[in-house]
J.: 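Before I ask anything, here is the structure I am working with.
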Amino acid sequence: MSNIELSEQELIRRGSLQKLRDLGINPYPANEFKINATANQILTSFDPETGNFQDVIFAGRLMSQRIMGKVSFGELQDESGRIQIYISRDEICPGEDKTLYNEVFKKLLDIGDILGVKGYVFVTQMGEITIHVREFTLLSKSIKPLPVVKEKDGKTFDAFTDPEQRYRQRYLDLIVNPGVKEVFLKRTKIINQMRDLFNERGYVEVETPILQPIPGGAAARPFVTHHNALNIPLYLRVANELYLKRLIVGGFEGVYEFSKDFRNEGMDRTHNPEFTVMEIYVAYKDYNWMMDFTEEMIERVALSLHSKTLVTVGEKLIDFKRPFKRITMYESIKEHTGFDISEMNEEELREVCLKLGIECDNTMGKGKLIDEIFGEKCEGHYIQPTFITDYPVEMSPLCKKHRNNPELTERFELMVNGKELCNAYSELNDPIDQLERFQEQLRLSQKGDVEAMFIDMDFVRALEYGMPPTSGMGIGIDRLTMLMTNSVSIQDVLLFPQMKPEKRAEEDPAEKYTELGIPVEWVEVLLKMGYKKVSQLKEVKPGKLFNDLCGFNKKNQLGLPNPSANDVSNWLN
RNA sequence: GACUCUGUAGCUCAGCUGGUAGAGCAAUUGACUCUUAAUCAAUGGGUCGAGGGUUCGAAUCCCUCCGGGGUCACCA
């Protein structure tokens, strides 16, 4: 990057960088810096009576500086929090030479620099636990100014809130906004709690392919990519269900995977193109067992995060205490619409949709119609955790038929806060039935359903060898995290949510300028002055351009030898 | 995709019915030995998102485009 692209403050920081080097200070030293305390440890366990922490070595990012002549205060932020530091000139510089304090600390250090300090902990007259610095080391120089967020009495000033910048530059968000890190620590804790539970039960964590020749296991539009060596299309997985069930066929009796899935669909507050799902399959179980297990898992997560089962989500208070309410899908629809659809065929369902004012078209089969009615009229009502059970067979091509009613399947979804959180089945293990269900999906696909599943013949073959009765469950980790951290958008629980690419104004490459005989050093000046394209340049009068160039050179003290008026008009001709 | 709000200094924002820009923080210089949104004094910093139009004159009004937020729709 050329210097004219930089802001004044960036130039000053680069200047400081050079001055540090001139003073023999390496702004990016290689040495290990061994700390022996964190901010949080000091703040929670410092005790002036016992006089602990009298020899601390601490490192962190300089977040503020208050210089008061011969002494200064500042704040260093490490992973665990912020702690104040105190520096006195004559302690840092006991001799005649006060450069280290007057120049280095006061002038050449900036907010954002990473510092290591050695000293002892004490309490200031204002009562703040502080590190009295005996020695400091610059560990990394920051040459781009941070957004400065200040806080007093719990009020935040100049908060860094622009969502685009926060998500795009998450590192800044994490540095500057307290509380952001908390969400991600909680996310990890949620995952760890689940993993602990599964491992305690002896279930095995496995990894299955992300690149799949047939994207199976869910109704969704996949991303397509291409494998050069095999010369075949490959799909990014939309689910890992079919692979995990192959493992049950293979003799594992409990497998689970935290899996990144990918769906080529819209993006909004609750959808990111890549997202995390946990799927688990346990042999010799059915969906009733899985409901109990799911309750246990979720209650455990809530307790581990909040030490209670009540969780505030927006305006609502949600109680994750076991047991959760259970209701069948037909009962739910009956309750919220008054229609008993249990005996209806496709035509009758379409009429119900019409009466309820739900849009539908001819590509929609029976399952999709019921799904629409439920989604439109029922889903939103389930704020407290509720299992919706016994879905129609058309909606669930991988799920075993209900033991008491072949029109239904042994499936449940867990609804919380009006949204689906989990999805689970008594898994279909009848290979002949499975093939028929796939073929039905194919018919839907031919009718125009872009989400209908592909037929996976190898999966059917696996079932032909025999899969034990199995129950499986999938849960959206992002949505679970949203609930547990009271986050309104999925972007808040993903470290790096998908963003549109950053756009810059288009500009011609430097060669197009140099072709005209313009020296390289002037090309960047022209770009900075706003002549992003050669065509723009051609439109200005040579006299004006000559004047502007010389003016820019002088104003910005670039120290370039000015071109002659002749040169300039030659460029333009 | 529709509607709506929005784009001004490094950051957060002001700028009335048109008269070519302001504040706080940050930065620079200086003062200050327990401060904490430190304080005090001085200074620098802006093609007002881009292009076009109306006008003697546009950050402000109009049009087009670009970027962003929100709501809705599509979509789990």
J.: Could you tell me the separation between the CZ atom of A:Arg269 and the C1' atom of B:U71, rounded to a whole number of Å?
T.: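 The distance from CZ of A:Arg269 to C1' of B:U71 comes to 9 Å, rounded to the nearest Å.
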J.: Side-chain N or O of A:Lys150 less than 4.0 angstrom from OP1 or OP2 on B:G24?
T.: no
J.: For B:U39 and B:C34, measure between their C1' atoms and round to the nearest Å.
T.: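 Comparing C1' positions in B:U39 and B:C34 gives a spacing of 14 Å.
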J.: When the distance from NE2 of A:His271 to P of B:A73 is rounded to whole Å, what number comes out?
T.: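 That distance rounds to 12 Å.
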J.: Rounding to the closest angstrom, what is the interatomic distance between B:C63 and B:G45 at atom C1'?
T.: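 Roughly 33 Å separates the two C1' atoms.
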J.: Would you call the rings of A:Phe53 and A:Phe46 parallel, tilted or perpendicular, where under 30° means parallel and over 60° means perpendicular?
T.: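 Rings of A:Phe53 and A:Phe46: tilted, as their planes differ by 30° to 60°.
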J.: Should the pair A:Asp478-A:Arg187 be classified as a salt bridge under the 4.0 Å nitrogen-to-oxygen rule?
T.: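 The answer is yes: the pair qualifies as a salt bridge.
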J.: Checking only heavy atoms, does the side chain of A:Gln84 share a donor-acceptor pair with the base of B:U35 at less than 3.5 Å?
T.: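 Present.
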J.: Let me know the distance between CD of A:Glu164 and P of B:G70, rounded to the nearest Å.
T.: 11 Å
J.: Would you measure the distance from the P atom in B:C40 across to the matching atom in B:G52 and give it in whole Å?
T.: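 One P to the other, the span is 45 Å.
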J.: Would you measure the distance from the P atom in B:U47 across to the matching atom in B:G57 and give it in whole Å?
T.: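 After rounding to an integer number of Å, I get 23 Å for this pair.
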J.: Under 4.0 angstrom, heavy atoms only, what part of the nucleic acid is A:Phe122 near: base, sugar-phosphate, or nothing?
T.: base
J.: For A:Ile129 and B:U36, what is the distance between atoms CD1 and C1' respectively, to the nearest whole Å?
T.: 15 Å
J.: Of all heavy-atom pairs between A:Pro385 and A:Val416, which one has the smallest distance, and what is that distance?
T.: CA-CG2, 3.9 Å
J.: Across all strands shown, which nucleotide pairs with B:A41 by Watson-Crick or G-U wobble geometry, both distances under 3.5 Å?
T.: B:U29
J.: What does A:Ala218 touch in the nucleic acid at a heavy-atom separation under 4.0 angstrom: a base, only the sugar-phosphate, or nothing?
T.: nothing
J.: What I want to find out is whether A:Lys377 reaches A:Glu372 closely enough, with some N-O distance under 4.0 Å, to be called a salt bridge.
T.: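 The answer is no: the pair does not qualify as a salt bridge.
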J.: P atom, B:A42 versus B:G51: distance in rounded Å?
T.: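 So the two P atoms sit 37 Å from each other.
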J.: Regarding A:Lys260 and A:Glu274, does a basic nitrogen lie under 4.0 Å from an acidic carboxylate oxygen?
T.: yes
J.: The side chain of A:Thr124 is closest to which nucleotide in this list: B:U36, B:C32, B:G69?
T.: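 When the side chain of A:Thr124 is considered, B:U36 is the closest of B:U36, B:C32, B:G69.
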J.: Does the ring of A:Tyr391 carry A:Arg411 above it, NZ/CZ under 6.0 angstrom from centre and within 45° of its axis?
T.: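 Flagged: A:Arg411 positioned over aromatic ring of A:Tyr391.
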J.: Given that both distances must come in under 3.5 Å, which nucleotide forms a Watson-Crick or G-U wobble pair with B:U55?
T.: none
J.: Salt bridge or not for A:Asp173 and A:Arg170, using N-O below 4.0 Å?
T.: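 Yes.
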J.: Just the rounded figure in Å: distance from P of B:A23 to CG of A:Asp158.
T.: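 The answer, rounded to whole Å, is 15 Å.
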J.: Across the strands shown, which category fits A:Gln125 at heavy-atom distances under 4.0 angstrom: base, sugar-phosphate, nothing?
T.: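 Base, at least one base heavy atom under 4.0 Å.
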J.: Between A:His132 (NE2) and B:U33 (C1'), how many Å, whole number?
T.: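 Roughly 11 Å, once rounded to whole Å.
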J.: Taking only the side-chain heavy atoms of A:Asp162 (C-beta and beyond), determine which of B:U12, B:U36, B:U71 contains the nearest atom.
T.: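 Per side-chain heavy atoms of A:Asp162, the pick is B:U12.
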J.: Please determine if A:Lys419 and A:Glu379 form a salt bridge, counting it only when a charged side-chain N lies under 4.0 Å from a carboxylate O.
T.: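 Between A:Glu379 and A:Lys419 there is no salt bridge, as every charged N stays at least 4.0 Å from the carboxylate O atoms.
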J.: With the side chain of A:Phe157 defined as its heavy atoms from C-beta on, choose the nearest nucleotide among B:U33, B:C72, B:A37.
T.: B:A37
J.: Could you work out the separation of B:G22 and B:G15 based on their C1' atoms and round it to a whole Å?
T.: 7 Å
J.: Under 4.0 Å, counting only non-hydrogen atoms across every strand here, what does A:Phe160 touch: a base, just sugar-phosphate, or nothing?
T.: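 It contacts nothing in the nucleic acid.
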J.: Just to confirm, is there a sub-4.0 Å distance from OP1 or OP2 of B:A38 to any side-chain nitrogen or oxygen of A:Arg66?
T.: yes
J.: Measure from the side chain of A:Glu128, starting at C-beta and using heavy atoms only, and say which of B:G68, B:U33, B:U35 lies closest.
T.: B:U35
J.: Taking the same atom, P, in B:C16 and in B:G30, what whole-Å distance lies between them?
T.: 39 Å
J.: Restricting both atoms to N or O, compile the protein contacts to nucleotides 27-30 of chain B shorter than 3.5 Å, with distance only.
T.:
from  : atom 1 : to       : atom 2 : distance (Å)
B:G30 : OP2    : A:Lys107 : NZ     : 3.2

J.: Locate the shortest heavy-atom distance separating A:Pro392 from A:Thr409; write the atom from each residue and the value.
T.: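 The answer is O-OG1, 4.2 Å.
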J.: For the backbone of A:Leu174 and the side chain of A:Arg166, can you confirm whether one donor and one acceptor N or O come within less than 3.5 Å of each other?
T.: no
J.: In whole Å, what is the span from the CE atom of A:Met267 to the C1' atom of B:G69?
T.: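 From A:Met267 CE to B:G69 C1': 14 Å.
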J.: Contact class for A:Arg221 (heavy atom, under 4.0 Å): base, sugar-phosphate, or nothing?
T.: nothing
J.: Given that both distances must come in under 3.5 Å, which nucleotide forms a Watson-Crick or G-U wobble pair with B:C11?
T.: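 Check on B:C11: paired to B:G24, both distances under 3.5 Å.
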J.: Checking all strands, does A:Glu379 fall into the base, sugar-phosphate, or nothing category for heavy-atom contacts under 4.0 angstrom?
T.: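 Result for A:Glu379 = base.
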J.: Quickly work out the A:Ile87 CD1 to B:U36 P distance and round it to whole Å.
T.: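 Whole-Å distance recorded here is 18 Å.
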J.: Using atom C1' of each nucleotide, how far apart are B:C56 and B:G49 to the nearest Å?
T.: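 Straight-line distance between the two C1' atoms is 27 Å.
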J.: What's the closest nucleotide to the side chain of A:Ser7 if the choices are B:C25, B:U33, B:G10?
T.: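 The listed nucleotide nearest to A:Ser7's side chain is B:G10.
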J.: Counting any heavy atom closer than 4.0 Å, what does A:Ile67 reach on the DNA or RNA strands: base, sugar-phosphate only, or nothing?
T.: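 Counting heavy atoms under 4.0 Å across all strands, the contact made by A:Ile67 includes a base.
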